[in-house]
A.B. asks: 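Got a structure for you, written out below as structure tokens; questions coming shortly.
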Amino acid sequence: MAVANTWRQLAVRLGIEHPIIQAPMAGVTTPELVAAASNAGGLGSIGAPYMKPADIVQFARRVRELTDRPYAINLFAPQPPPAKTDPSRMLAELARYHQELGLEPPRPPSSPLPSFEEQVDAVVESGAPIFSFTFGIPPPAVLERLKARGMVLLGTATNVREAKLLEAAGVDAVVTQGSEAGGHRGTFAEPFEAGMVGTMALVPQVADAVRIPVIASGGIMDGRGIAAARVLGASGVQLGTAFLTCPESGATPAYKAALREARDDMTVITRALSGRPARGLANELTEAFQEEGAILPFPLQHGATGPLRNAAAARGDPRFMTLWSGQAAALSRGLPAAELMRQLIAESERLG
Ligand SMILES: Cc1cc2nc3c(=O)[nH]c(=O)nc-3n(C[C@H](O)[C@H](O)[C@H](O)COP(=O)(O)O)c2cc1C
């Protein structure tokens, strides 16, 4: 009974029917994906961390044309400037791959992240009712500004300590990111190893430690995972990988094909793509740059590998593409997002 109540309460707080969230996914969320998830009674999220402010406003406008339901916008919390590092070793390593693909030699990278303050202005202008974030906690003034506009705030935690810090900062709910999750690790209060806690262990410990609702993410792909998260103490769930193979997702055909062939043991955690640990399907790029100290700090490594990753994506060459994926990608269904959401709702309700 208590379980059903918190589930309902979070849905009401978010203004939706079912607290099942399509995860924000930088680079692959499209307005169609976000709107389909929201229209089906869940919550769609715009993964906007790398978007320029004007693009955030434009993207949100398109979402609003497709749905009048709530949706979320997600950003990375601001990061300290990367330590000064000599990029020459990385550029030399990258040059071999550039040559292999017939690209111009790599250039010294710059940060690919737009100004956080200007992105926040765009979030406010967009009128989105929900703001989610990862990689840290935005400054108190930003959280207060968004709260004053009535926005619901969702912060990402990868262990109990981070969940408590988010609660103390005044967020409305905490998204737990289990170690199974695809994409970047959100860990911010400790070295990333301290945030490698699986969903089964993380959700009940966070639910016991904080009074705000917990939204479970990491490895959840179907009604079984949703029902399990609920029993563990979650008031909602967030699914990323499950939505990557939807026709509305912006993942390229080669990316979707790789996900269709994925098995449970085919992902790795790597810093090679962006400089920050992230989980994705293993390919040549995730295994590159093994030499100690060659990888640049985030986000410079992301900037440095960008031309190679983009060229590979354009050619459908999975060897050098970004293939973020959770550990349960093999359970992907490839359904349209609305149908996937309907099935997730029906399955989890059947399981109680
Ligand atoms: C391709 C991809 C991109 C992601 N980008 C973001 C992002 O921009 N912001 C964010 O908070 N989380 C991001 N995540 C992490 C998700 O929010 C979520 O933690 C994860 O997808 C849950 O695990 P699952 O993939 O097993 O469902 C991303 C995940 C994937 C797979």
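The shown structure was predicted, so the numbers you read here are calculated from the model rather than taken from an experiment. Quick note: residue numbers are just sequence positions, from 1. Read the numbers this way: they start at 1 and go in the same order the structure lists the ligands and their atoms.
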A.B. asks: Are Phe76 and Tyr50, when compared by the centres of their aromatic rings, separated by less than 6.0 Å?
C.D. replies: yes

A.B. asks: Side chain or backbone of Tyr255 under 4.0 Å from ligand 1, or both, or neither, by non-hydrogen atoms?
C.D. replies: side chain

A.B. asks: Quick one: nearest non-hydrogen protein atom to atom 27 (O) of ligand 1, plus distance?
C.D. replies: Gly240 N, 2.9 Å

A.B. asks: Geometry only, no angles: is Thr156 polar-contacting ligand 1 at N/O separations under 3.5 Å?
C.D. replies: no

A.B. asks: Is there a donor-acceptor pair under 3.5 Å between the side chain of Arg260 and the backbone N or O of Gly334?
C.D. replies: no

A.B. asks: If you count the atoms of ligand 1 from 1 in the order shown, which ones are under 4.0 Å from a heavy atom of Gln238?
C.D. replies: 17 (O)

A.B. asks: Which atom pair, heavy atoms only, marks the closest approach of Thr29 to Ala23?
C.D. replies: CG2-O, 4.0 Å

A.B. asks: Taking Asn74 for the side chain and Ser45 for the main chain, is one N or O donor matched with an acceptor at less than 3.5 Å?
C.D. replies: no

A.B. asks: Would you tell me which option among Gly183, Pro49, Gly219 has the nearest heavy-atom contact to atom 26 (O) of ligand 1?
C.D. replies: Gly219

A.B. asks: Which atom pair, heavy atoms only, marks the closest approach of Gly303 to Pro112?
C.D. replies: N-CG, 4.1 Å

A.B. asks: Geometry only, no angles: is Val28 polar-contacting ligand 1 at N/O separations under 3.5 Å?
C.D. replies: no

A.B. asks: Considering only heavy atoms, which of Leu244, Thr241, Ile220 lies nearest to atom 25 (O) of ligand 1?
C.D. replies: Thr241

A.B. asks: Does an N or O from Gly47, backbone or side chain, lie closer than 3.5 Å to an N or O of ligand 1?
C.D. replies: no

A.B. asks: Give a yes or no on whether the backbone of Gln177 and the side-chain of Arg185 come within a donor-acceptor separation of less than 3.5 Å.
C.D. replies: yes

A.B. asks: Which atoms of ligand 1 sit under 4.0 Å from any heavy atom of Ala23?
C.D. replies: 16 (C), 17 (O)

A.B. asks: Between Arg185, Met51, Met25, flag the one that comes closest to atom 3 (C) of ligand 1 by a heavy atom.
C.D. replies: Met25

A.B. asks: To check your reading of the model: name the closest protein heavy atom to atom 14 (N) of ligand 1, its residue, and the distance in Å.
C.D. replies: Pro24 O, 3.5 Å

A.B. asks: Report yes or no: does a heavy atom of Gly218 sit under 4.0 Å from some atom of ligand 1?
C.D. replies: yes

A.B. asks: Starting from the C-alpha separation in whole Å, work towards a yes-or-no answer on side-chain contact (heavy atoms from CB on, under 4.5 Å) for Phe289 and Thr270.
C.D. replies: CA-CA 10 Å; Phe289 325 130; Thr270 181; over 6 Å; no

A.B. asks: Do any nitrogen or oxygen atoms of Trp324 come within less than 3.5 Å of a nitrogen or oxygen of ligand 1?
C.D. replies: no

A.B. asks: Taking N or O atoms only and a 3.5 Å limit, does Ala26 qualify as a polar contact for ligand 1?
C.D. replies: yes

A.B. asks: How does Gln177 reach ligand 1, if at all, at less than 4.0 Å between non-hydrogen atoms: by side chain, backbone, both, or neither?
C.D. replies: side chain

A.B. asks: Check Ala288 against Ala272 and note the closest heavy-atom contact, atom names and distance.
C.D. replies: O-CB, 4.0 Å

A.B. asks: Among all protein heavy atoms in this structure, tell me which lies nearest to atom 9 (N) of ligand 1, with the distance rounded to 0.1 Å.
C.D. replies: Asn74 OD1, 2.8 Å

A.B. asks: Out of Ala216, Gly182, Ala72, who gets a non-hydrogen atom closest to atom 15 (C) of ligand 1?
C.D. replies: Gly182

A.B. asks: Could you check whether any heavy atom of Ala242 sits closer than 4.0 Å to an atom of ligand 1, since that is the contact criterion I want to use?
C.D. replies: no

A.B. asks: Is a side-chain donor or acceptor of Asp172 paired with a backbone partner of Leu153 at a separation under 3.5 angstrom?
C.D. replies: yes

A.B. asks: Is it true that, when you exclude Glu65 itself, more than 12 heavy atoms of the residues, nucleotides or ligands shown sit nearer than 6.0 Å to its CD?
C.D. replies: yes

A.B. asks: Check whether Asn39 reaches the backbone of Thr67 with its side chain - one donor and one acceptor, N or O, closer than 3.5 Å.
C.D. replies: no

